[in-house]
Amino acid sequence: MKWSALALAVVAFLLAGCGSGAGTSSELTAASVSPATVARQKQEADAICTQMVIEAHRLGRKALTIDPSRYDSTLEFTTEALIAPALPVVEQSARELREVRGEGGEPQLDGYVGMFDPILSLLEERVRAGRAGESEEAHAIEVQLIELGQIQQTLANQAGLNACKVSLVSAFAHSQS
């Protein structure tokens, strides 16, 4: 079904900001953060990322139950049935990750968590553009979200966040099967 393929693509870019990627080198160290604190932060961050994957599965299954003919356009469908419902999940995860990071987070964790701010801003703009019927602007924002998601994926890898390296795009796709 055409709508399902499009829905998958839109949620894929939406949730890509929370997932996997290849690593790049980083020479940042955290002399002020104890190894025990770093290990605890990574464990807690991985638990939050695991929950994001579970939510991606839930959103994917729910999207399959929605009748796209209820919407006037593909833009309205993707905005209201996919992106707007996913925004609170991303906001909650970002809030929880900020709490885990605390004031003295390990630099790679700081970088990963810090990427949620521009991603959330763009998600809010994407919802606004979709609701305003601005499909070209919505598409441009989607491209930016994909790019930021790739950066965040690299940071997850650098931080050694194992569960955060799991692509939520794949998690969403697997919820379809």
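This chain uses plain numbering: 1 for the first residue, then up along the sequence. Just so you know, these numbers use all the heavy atoms, side chains as well, and skip hydrogens, waters and symmetry mates.
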May I have all residue pairs that pass salt bridge (Lys or Arg N to Asp or Glu O under 4.0 Å) and include part of residues 87-97, sequence neighbours excluded? none
For residues 74-83, pull every pair meeting salt bridge (Lys or Arg N to Asp or Glu O under 4.0 Å), keeping only residues two or more places apart or in separate chains. Glu80-Arg131
Heavy-atom check, side chain of Leu59 versus side chain of Pro85, under 4.5 Å: yes
Between Arg126 and Ser121, is a side-chain hydrogen bond (donor to acceptor under 3.5 Å, both in side chains) present by the stated rule, with each step listed? CA-CA 9 Å; Arg126 172 54 183 84; Ser121 179; over 6 Å; no
With sequence neighbours left out, what residues match Glu44 under side-chain hydrogen bond (donor to acceptor under 3.5 Å, both in side chains)? Arg40
Got Leu87 and Leu120 here, is their nearest side-chain heavy-atom distance under 4.5 Å? yes
For residues 153-162, which residue pairs qualify under salt bridge (Lys or Arg N to Asp or Glu O under 4.0 Å), counting only residues two or more places apart or in two chains? none
What pairs with Thr50 under side chain to side chain contact (heavy atoms under 4.5 Å, CB included), at least two apart in sequence or on another chain? Ile54, Ala163
So, using side-chain hydrogen bond (donor to acceptor under 3.5 Å, both in side chains) as the criterion, who are the partners of Gln144 when residues are at least two apart? none
Could you work out, with salt bridge (Lys or Arg N to Asp or Glu O under 4.0 Å) as the rule, every residue matching Glu137, not counting sequence neighbours? Arg128
Looking at side-chain heavy atoms only, is the closest gap between Thr79 and Tyr71 below 4.5 Å? no
Check whether more than 12 heavy atoms from other residues, nucleotides or ligands sit under 6.0 Å from atom CD of Gln43, and answer yes or no. no
Is the shortest side-chain heavy-atom distance between Tyr112 and Leu97 below 4.5 Å? yes
Is the shortest side-chain N to carboxylate O distance from Arg98 to Asp110 below 4.0 Å? no
